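What you see is a predicted model, and the numbers here were worked out from it, not measured in a lab.
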Amino acid sequence: MALIPVDQAEVGMVLAEGVTDRRGRLLIPAGRSLEERNLSSLPMWGITHILVEGDAPGTQEDPLESLEPWALAQAAAEMDELFLHANRSHPAMAELRRIRTERRAKQIQKEGRHGD
């Protein structure tokens with residue numbers, strides 16, 4: 001299974017979990033293959049991520065693995081402080097933190113700032 005952003009969804013992907021709206025109403029049941037009309041409707045329903053069967057499209061090496069450990073550690077410490085009061089178990093917050101950590105670590109590594 002893979003949690004993917006709706007804009008990465010493709011026709012034919014199979015939903016691993018049903019898609020529900022904010023009120024809990026079932027919009028698309030689990031096991032259904034996505035159709036073109038689903039791809040255009042999901043954003044209109046306010047759906048940002050879906051859980052699909054298989055791996056995420058274009059799955060490749062984690063970009064965090066290509067960063068220097070010292071830069072990643074420094075960025076992670078900064079994000080710990082920045083996301084102190086955020087619900088880190090929420091998929092959107094976890095993804096936002098991951099993206100922000102990656103970008104900050106790249107910036108720190110580029111600047112070559114050890115231990116700031």
Side-chain angles (χ1 to χ4, degrees):
M1 287 189 293
L3 180 67
I4 63 167
V6 168
D7 63 354
Q8 291 181 9
E10 299 173 0
V11 172
M13 287 183 162
V14 178
L15 291 172
E17 184 176 274
V19 176
T20 57
D21 66 9
R22 291 183 180 138
R23 295 182 182 170
R25 294 179 294 190
L26 184 64
L27 301 172
I28 308 172
R32 171 90 40 99
S33 293
L34 291 174
E35 300 173 5
E36 187 63 44
R37 64 187 174 105
N38 302 128
L39 299 180
S40 60
S41 298
L42 289 169
M44 289 187 281
W45 289 327
I47 308 299
T48 59
H49 287 75
I50 56 174
L51 197 60
V52 295
E53 294 181 1
D55 292 329
T59 301
Q60 54 190 358
E61 181 181 318
D62 184 356
L64 296 179
E65 292 177 9
S66 65
L67 295 167
E68 295 289 337
W70 61 267
L72 187 55
Q74 187 175 334
E78 289 179 18
M79 293 310 110
D80 284 344
E81 188 174 322
L82 188 62
F83 285 80
L84 181 64
H85 300 292
N87 178 359
R88 296 182 193 182
S89 64
H90 190 281
M93 292 307 290
E95 181 66 5
L96 181 60
R97 185 178 190 280
R98 185 195 66 76
I99 291 168
R100 187 64 188 111
T101 301
E102 177 185 345
R103 288 182 181 169
R104 182 64 180 132
K106 285 178 182 178
Q107 182 182 27
I108 291 168
Q109 186 171 308
K110 183 178 177 182
E111 294 170 356
R113 298 184 335 182
H114 287 274
D116 277 348

| request: Can you see which heavy atom on A105 is nearest to which on A75, and at what distance? | output: N-CB, 3.5 Å
| query | Side chains of V11 and R37: closer than 4.5 Å at any heavy-atom pair? | reply | no
| note | Nearest heavy-atom approach of A30 to A16 is CB-O, 4.0 Å
| Heavy-atom pair with the smallest gap, counting every atom of A76 and R97 | O-NH2, 3.4 Å
| Roughly how far, to the nearest 0.5 Å, is the CG atom of L96 from the CG atom of L82? | 8.5 Å
| In Å and rounded to the nearest 0.5 Å, what is the CZ to CD distance from R104 to Q107? | 4.5 Å
| Euclidean distance, L15 CG relative to L34 CG, rounded to 0.5 Å | 4.5 Å
| task | Tell me whether I99 is reachable from F83 by hopping between hydrophobic residues (I, L, V, M, F, W, Y) whose side-chain heavy atoms are closer than 4.5 Å. | result | no
| message | Measuring only between side-chain heavy atoms, which start at C-beta, is E78 closer than 4.5 Å to I108? | response | yes
| In terms of hydrophobic clusters joined by side-chain contacts under 4.5 Å, are W45 and M13 together? | yes
| For T101 and M79, which heavy atoms make the closest approach, and how far apart are they? | OG1-CG, 3.1 Å
| field | Any residue meeting salt bridge (Lys or Arg N to Asp or Glu O under 4.0 Å) with E53, in chain and number order, not counting sequence neighbours | value | none
All N/O donor-acceptor pairs, side-chain side in residues 21-29, below 3.5 Å, sequence neighbours left out:
unit_1, atom_1, unit_2, atom_2, d
D21, OD1, R23, N, 2.9
D21, OD1, G24, N, 3.0
D21, OD1, R25, N, 2.8
D21, OD2, R25, NE, 2.6
D21, OD2, R25, NH2, 2.7

| message | Under the rule for salt bridge (Lys or Arg N to Asp or Glu O under 4.0 Å), what residues qualify as partners of E17, not counting sequence neighbours? | response | none
| said: Nearest 0.5 angstrom please: E95 CD to H90 NE2, how far? | reply: 12.5 Å
| field | Cluster link V14 to I50, ILVMFWY, side chain under 4.5 Å | value | no
| said: Testing the basics here: between E10 and L39, what is the closest heavy-atom pair and its distance to 0.1 Å? | reply: C-CD1, 4.0 Å
